[in-house]
Amino acid sequence: MIRNVIFLLSILVFCACQQSGENTTNEIEAKPEPKRVEYALAIHGGAGTIKKENMTAEKEAVIREVLNEALTVGETVLKNGGSSLDAIEATIMAMENSPYFNAGKGAVFTNEGKNELDASIMDGRNKNAGAVGGVTIVKNPILAARAVMEKSKHVLLTGEGANQFSKEQGLEIVDPEYFFTQNRWESLQRAKANDLGFNEYAKSIHDSKFGTVGAAALDKNGNLAAGTSTGGMTNKKYNRIGDSPIIGAGTYADNNTCAISSTGHGEYFIRYAVAHDISAMMEYKKIDFQTAADKVINGKLKSAGGDGGVIGVDKYGNVAMPFNTPGMYRGFVKPDERSVLIYKND
Ligand code: ASP
């Protein structure tokens, strides 16, 4: 009899809980997944001492135009259902072929008066990656990076070996003279004449021209990819290689979190594993992309004295573009949105 009463009471309590919506097992209700945009692409053309007062209206117009063109190239691939990797490759190639960026055609000079180019690419689906450092005759280093990823057993090839591999892959080879631009040459002469140490020069190099380029994309299939290409830093010596071809520092992509490309003083980006750190914060701490990227760029990196920024796209298509310098050439495009920005308060 008592057992029956207890049984009946339990059923009553259970029903009351169900009606009031109470959860008897203390389970936390899962939040609904945010909606993913159809596609998204973010790009940068370098960060640094970019201030409105040092900019002419003409120069600003040209910058906005070339960034817009690069966005259009990548968006066309994504709109037509192409992969994020193909969009990254096409966008970065367009910027490498422009003399305005410190990548491909507009690369800066080393202390010895050479152009040594670095690039990397990463596929967020499977964490495959490829990179080249210090190539001197490859017209589009981003293609060499992709070939390393897809056609070799390695991740990073450098110097003469990377040049040789690119030739064997049938990539377009140019005379090193192809990379000469008067502006970059003059920058090197100024750096040498002022006898600026590498770190001091790092603070001043960005004020006159465009910089390193990078792109991050989400395609219609939900796949993320990122890539970066650069001539490195003016007046670099001893075959110095920066962060741009270092996976986890200059480039990172993971379909579970985000895709990122960095720009800035590479030595800091390498030591702080910047791109991977942002992704890891999202994964381990479950924080959103914008917050994670801000914490690394305007928190850790800034307090360490590392100048620069990142652009990226997360798995839902949210874009973040934080930087700790006065400006960063940047932009993004989604199905109904497009933006090209230069200064902090743009
Ligand atoms: N991060 C590049 C490097 O250190 C330079 C840049 O982004 O401007 O080689």
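These values consider heavy atoms only, across backbone and side chains, with no hydrogens, waters or symmetry-generated copies. Atoms within each ligand, like the ligands themselves, are counted from 1 in listed order. By convention here, the first residue in the shown sequence is residue 1.
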Asks: Is a salt bridge present between Lys151 and Glu168, judged by a nitrogen-to-oxygen distance below 4.0 Å?
Replies: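 Looking at Glu168 together with Lys151, the answer is no, because their closest N to O distance does not fall below 4.0 Å.
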
Asks: May I ask you to check if ligand 1 and Asp118 share an N or O to N or O distance below 3.5 Å?
Replies: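 Min N/O separation from ligand 1 is not below 3.5 Å for Asp118.
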
Asks: Could you tell me, atom by atom, which parts of ligand 1 come under 4.0 Å of a heavy atom of Asp243?
Replies: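 So the answer, numbered in order with elements, is 1 (N), 2 (C), 3 (C), 4 (O).
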
Asks: Does any N/O atom on His265 come nearer than 3.5 Å to any N/O atom on ligand 1?
Replies: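 Min N/O separation from ligand 1 is not below 3.5 Å for His265.
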
Asks: Salt bridge check: are Arg146 and Asp123 linked by an N-O gap of less than 4.0 Å?
Replies: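 Salt bridge: no.
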
Asks: Should one rank Glu267, His44, Arg240 by closest heavy-atom distance to atom 4 (O) of ligand 1, which comes out on top?
Replies: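 Going through Glu267, His44, Arg240 one by one, Arg240 has the nearest heavy atom to atom 4 (O) of ligand 1.
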
Asks: Give yes or no for whether the N/O distance cutoff of 3.5 Å, strictly under, is met between Gly266 and ligand 1.
Replies: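 Gly266 vs ligand 1: N/O contact under 3.5 Å present.
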
Asks: Which one of Thr263, Asp307, Thr325 has a non-hydrogen atom at the shortest distance from atom 7 (O) of ligand 1?
Replies: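 Considering heavy atoms of Thr263, Asp307, Thr325, the nearest to atom 7 (O) of ligand 1 sits in Thr263.
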
Asks: Side chains of Phe289 and Ile260: closer than 4.5 Å at any heavy-atom pair?
Replies: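 Yes, close enough: below the 4.5 Å cut-off.
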
Asks: In a table with atom names and distances, give each donor-acceptor pair under 3.5 Å that connects a side chain of residues 332-344 to protein atoms at least two apart or in another chain.
Replies:
{"residue": "Lys334", "atom": "NZ", "partner": "Gly317", "partner atom": "O", "Å": "2.9"}
{"residue": "Arg338", "atom": "NH1", "partner": "Asn68", "partner atom": "O", "Å": "3.2"}
{"residue": "Arg338", "atom": "NH1", "partner": "Asn68", "partner atom": "OD1", "Å": "2.8"}
{"residue": "Arg338", "atom": "NH1", "partner": "Thr72", "partner atom": "OG1", "Å": "3.4"}
{"residue": "Arg338", "atom": "NH2", "partner": "Thr72", "partner atom": "OG1", "Å": "3.1"}
{"residue": "Arg338", "atom": "NH2", "partner": "Glu75", "partner atom": "OE1", "Å": "3.3"}
{"residue": "Tyr343", "atom": "OH", "partner": "Glu60", "partner atom": "OE1", "Å": "2.7"}
{"residue": "Lys344", "atom": "NZ", "partner": "Phe323", "partner atom": "O", "Å": "2.8"}
{"residue": "Lys344", "atom": "NZ", "partner": "Thr325", "partner atom": "O", "Å": "3.4"}

Asks: Are Val108 and Lys236 side-chain neighbours, meaning at least one heavy-atom pair lies under 4.5 Å?
Replies: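 Contact flag for Val108/Lys236 side chains = no.
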
Asks: Regarding ligand 1, does Ser262 bring an N or O atom to under 3.5 Å of one of the ligand's N or O atoms?
Replies: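 Among all N and O atoms of Ser262, none is under 3.5 Å from an N or O of ligand 1.
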
Asks: Determine, using ring centers only, whether Phe180 and Phe109 are less than 6.0 Å apart.
Replies: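 Yes, they do, as the ring centres are separated by less than 6.0 Å.
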
Asks: As an exercise, identify every atom of ligand 1 less than 4.0 angstrom from a heavy atom of Thr212.
Replies: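 Contacts of ligand 1 toward Thr212, numbered from 1: 2 (C), 5 (C), 6 (C), 7 (O), 8 (O).
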
Asks: Assign the ring pair Tyr268 / Tyr272 to parallel, tilted or perpendicular, where the plane angle (0 to 90°) is split at 30° and 60°.
Replies: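 Aromatic pair Tyr268/Tyr272 classed parallel.
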
Asks: Are Gly264 and ligand 1 in contact, using a heavy-atom cut-off of under 4.0 Å?
Replies: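 It does; at least one heavy atom falls under 4.0 Å.
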
